[in-house]
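Here is the structure we will look at.
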Amino acid sequence: MNRRTIIAGAGAFALVVAAALAVSTAPNDTSIVDAFEVTGGVGQLVTARLMSAEVHEVRLAHELDVPYGFDDVNGTTNGVWVVVDATLTAQVQPIGTGYSELHIGDYVFKASDILPIPALTDVTYGAGVPVTGTLVFEVPSSALALPGAATATLVVRELFTAQLDSVPAIRMDLSALSIEKFATIGAAYVGDEADATR
């Protein structure tokens, strides 16, 4: 084998390695068009293009108590309810939050539609009108033992895929919370929390 053949073979091998590295590190289609998360913590106002969100409190419970549901709600679960009390305000137009997600590590949980109307996932008003209510997520008990429970994230979404847009993402430490027997849920209402009478 002469020197030119060795150099050509080494060059070809280097090109194959470079191509494999480029393919393995290139962003996939999802990451190119995925939503941009505007992050914050509990008690902070997080503002994205279409919506601002402020989480007031996060609770864990074995069962939901929904007095305004008139016994229509079976709030029991084999796992744990993650109960998020928040105020959401549309920035531009009326929007919903039915596709909101709770991320715990690599696991994603969708917002439950168990709560009767008016619920935070259903009530939508015009721009600048705050709506205060509750989002609930049903998760297995084992999810709270994951390392990601300390850095869980609520991602507030109007659409299943909020492509190339910003969305509020609120970080919360679920590992630091104790699990209550019941979590009482009130109906969603319009207006600032400080002005609420319930």
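We number each residue from 1, following the sequence as shown. Only a predicted model underlies this, so the values are computations on that prediction, with no experimental measurement involved. Values below: every heavy atom of this structure, side chains too, minus hydrogens, waters and symmetry copies.
For T153, the side-chain hydrogen bond (donor to acceptor under 3.5 Å, both in side chains) partners two or more places apart in sequence, or in a different chain, are R171. A143 is linked by a side-chain contact (heavy atoms from CB on, under 4.5 Å) to I104, F109, V139, P140, L146, counting only residues two or more places apart in sequence or in another chain. T76 meets the side-chain hydrogen bond (donor to acceptor under 3.5 Å, both in side chains) test with N74; sequence neighbours excluded. Considering only residues two or more places apart in sequence or on other chains, D113 meets the side-chain hydrogen bond (donor to acceptor under 3.5 Å, both in side chains) condition with none of them. In terms of the side-chain contact (heavy atoms from CB on, under 4.5 Å) criterion, residue partners of V92 (sequence neighbours excluded) are, by chain and number, L50. Residues satisfying the side-chain contact (heavy atoms from CB on, under 4.5 Å) test with L60, not counting sequence neighbours, are V80, V82, L144, L174, L177, I179. Taking the side-chain hydrogen bond (donor to acceptor under 3.5 Å, both in side chains) definition, one finds that H103 meets it with E101, sequence neighbours left out. In this structure A127 satisfies the side-chain contact (heavy atoms from CB on, under 4.5 Å) test with no other residue, sequence neighbours excluded.
Taken together through direct or relayed side-chain contacts under 4.5 Å among Ile, Leu, Val, Met, Phe, Trp and Tyr, V108 and Y99 form parts of separate hydrophobic clusters. Under the 4.5 Å side-chain heavy-atom criterion for Ile, Leu, Val, Met, Phe, Trp and Tyr, L45 and V129 are members of distinct hydrophobic clusters.
In the model, T132 has a side-chain atom that pairs as donor or acceptor with a side-chain atom of T87 under 3.5 Å.
Contact between I185 and P67 at its shortest, heavy atoms only, is O-CD, 3.4 Å. Across all non-hydrogen atoms, the minimal contact from T121 to S112 is CG2-O, 4.4 Å. When all heavy atoms are compared, the tightest approach of V156 to V167 is O-CB, 3.6 Å. Looking at every heavy atom in both residues, G43 comes nearest to E54 through O-OE2, 3.5 Å. The shortest non-hydrogen separation linking P116 to V66 is CD-CG1, 3.9 Å. A pairwise comparison of heavy atoms in L154 and S100 identifies CD1-CB, 4.5 Å as the closest pair.
Without hydrogens or angle criteria, W81 side chain to G75 main chain gives a donor-acceptor distance under 3.5 Å.
Between V58 and V42, some side-chain heavy-atom pair lies under the 4.5 Å cut-off. Considering only heavy atoms from C-beta on, F137 comes within 4.5 Å of V84 through its side chain. Side-chain contact check for T97 versus L135: some heavy-atom pair is nearer than 4.5 Å. Put simply, the side chain of V155 reaches to within 4.5 Å of the side chain of E37, judged on heavy atoms.
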task: Mind running side chain to side chain contact (heavy atoms under 4.5 Å, CB included) on M172 and L102 for me, showing each step along the way?
output: CA-CA 10 Å; M172 53 190 72; L102 178 65; 4.3 Å; yes
message: Run the side chain to side chain contact (heavy atoms under 4.5 Å, CB included) test on V131 and L120 for me, step by step, so that the C-alpha distance in whole Å, both residues' side-chain angles and the decisive distance to 0.1 Å come before the verdict.
response: CA-CA 7 Å; V131 182; L120 200 55; 3.8 Å; yes
field: Test side chain to side chain contact (heavy atoms under 4.5 Å, CB included) applied to I114 and L64, step by step
entry: CA-CA 10 Å; I114 192 173; L64 301 178; 4.0 Å; yes
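Within the structure, side chain to side chain donor-acceptor pair (under 3.5 Å) contacts touching residues 137-151 (residues at least two apart or in different chains) are T77-E138. Counting only residues at least two apart or on different chains, no salt bridge (Lys or Arg N to Asp or Glu O under 4.0 Å) pair has a member in residues 139-149. Sorted by first and then second residue, the salt bridge (Lys or Arg N to Asp or Glu O under 4.0 Å) pairs with a member in residues 38-51 read R49-D165; sequence neighbours excluded. The salt bridge (Lys or Arg N to Asp or Glu O under 4.0 Å) pairs that include a residue from residues 77-87 are R59-D85, where partners are two or more places apart or lie in different chains.
Other residues, nucleotides and ligands contribute more than 12 heavy atoms inside 6.0 Å of the OH atom of Y68.
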